[in-house]
Amino acid sequence: MNEEILRHYLETSIYTYAGAYKDFLLSLPDEIPSIGRCVCDQITHPSMYFTEPSPYLKDAYFGKFSSYPKHRFKNEDELYITVVSMIAGVRYLEETGPGEGKDVARRITVSCRQASVLFSAILKAKGIPCRSRAGFMDFGDAGESYLEHWVNEYWDFGERRWVLADVDGYYEYEERFGYSQFDLPWRKFVTASEAWLGLRKHALDKKLDVFAPDLLEGVCEYLFMDFHALMNNEIFYSYQPLYLRDGIQSLGEPELRELDGLAELLKEPDENMERIKDMWNHNEKLYVLTNNTQNIYQDVFR
């Protein structure tokens, strides 16, 4: 592996920069499974409040959901976008900080993107190259359906490979599949670039579940999130390029082919890093972002 690429994934963003909390992150365990379980133990996924958790997770892991304070949001993603805010939230709910077996009332309620950012921040602080990835995860084990999800890749210096990890899953606790959620088989995850190119070529053989009303638009959102994450800019779900504010239907075929080219590069990010960085540095429309709030104000004042 190119040492410059490993150094790139030790760099932090506004989202993974720990600031005054860096010493706190350094005090956490050093082993990957211990770090991963530490992250799992601080969060509850928002979906847990709207779907029925498995009996194991509900009774033995999360505790009673009825104890969750009614004044708190059941989705705190917008409150905890950066690692600094997440650590502050964890310590606000319990001064002693991370601990095992926490009841839901003492956890922050955030989804997979936040969990991925927190894991990346801890590993970067400890000198382990790590990157967040946005794509689609098989939460079962048969490849029947792939749902929108953020994961991590961390560099294993001993085995000299990128390892796929999911700190917003609980395979480790349920022991359903016979592998660790901190060293997942690659068949579990479909990258955004694979999904985009598969759809564009009418060759995707996997069922994707997206929250967007249009499948290609939903995959496009993840393509941009993955592009930004690979550039150490782990943008929030609602952040998308300004030129896409009117939807993917507004793009012509030349612009769609440009996205095909981006997706081809993202298929092998290490091999194409220089070209990806060149697009990042010089193609303004790929990195000038907007969000839902900005759209509202622009509609009002234009």
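The number of heavy atoms from other shown groups lying within 6.0 Å of CZ (Phe157) is above 12. No more than 12 heavy-atom neighbours from other residues, nucleotides or ligands sit within 6.0 angstrom of CD on Glu284. Within 6.0 Å of CD in Gln249 there are more than 12 heavy atoms belonging to other residues, nucleotides or ligands. More than 12 heavy atoms of other shown residues, nucleotides or ligands fall within 6.0 angstrom of atom CZ in Phe236.
Applying the salt bridge (charged side-chain N to carboxylate O under 4.0 Å, His left out) test to every pair with at least one member in residues 119-130, sequence neighbours left out, gives these pairs: Asp30-Lys126. For the salt bridge (charged side-chain N to carboxylate O under 4.0 Å, His left out) condition, no pair includes a residue of residues 5-26, sequence neighbours left out.
In this structure, Glu255 contributes its side chain and Gly252 its backbone to a donor-acceptor pair below 3.5 Å. A donor-acceptor pair is defined here as one N or O able to donate and one able to accept, closer than 3.5 Å; no such pair exists between the side chain of Asp209 and the backbone of Leu147.
Inspection of the Asp141 and Tyr179 side chains reveals an N or O donor paired with an N or O acceptor under 3.5 Å. Checking Asn233 against Trp280 by side-chain atom types alone, no donor-acceptor pair falls below 3.5 Å.
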For the pair His228 and Tyr239, evaluate ring pair (Phe, Tyr, Trp, His ring centres under 6.0 Å) and give the outcome as yes or no after the intermediate values. CA-CA 10 Å; His228 279 254; Tyr239 300 173; 9.4 Å; no
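The salt bridge (Lys or Arg N to Asp or Glu O under 4.0 Å) test applied to Arg160 returns no partner, not counting sequence neighbours. By the side-chain contact (heavy atoms from CB on, under 4.5 Å) test, Glu95 is found to be paired with no residue, residues two or more places apart in sequence or in another chain being considered. For Ala192, the side-chain contact (heavy atoms from CB on, under 4.5 Å) partners are Tyr222, Leu223, Asp226, not counting sequence neighbours.
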Which side-chain N or O atoms in residues 76-90 pair as donor and acceptor under 3.5 Å with protein atoms at least two apart or in another chain?
| residue | atom | partner | partner atom | Å |
| --- | --- | --- | --- | --- |
| Glu76 | OE1 | Arg72 | NH2 | 2.9 |
| Glu76 | OE1 | Thr109 | N | 2.9 |
| Glu76 | OE2 | Arg72 | NE | 3.0 |
| Glu76 | OE2 | Arg72 | NH2 | 3.3 |
| Asp77 | OD1 | Ser111 | N | 2.8 |
| Asp77 | OD1 | Ser111 | OG | 3.2 |
| Asp77 | OD2 | Ser111 | OG | 2.5 |
| Thr82 | OG1 | Ser85 | N | 3.2 |
| Thr82 | OG1 | Ser85 | OG | 3.2 |
| Ser85 | OG | Ile81 | N | 3.4 |
| Ser85 | OG | Thr82 | N | 3.2 |
| Ser85 | OG | Thr82 | O | 2.7 |

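A cation-pi arrangement is not found for Arg91 relative to Tyr21, the charged atom failing to lie both closer than 6.0 Å to the ring centre and inside a 45° cone about the ring normal.
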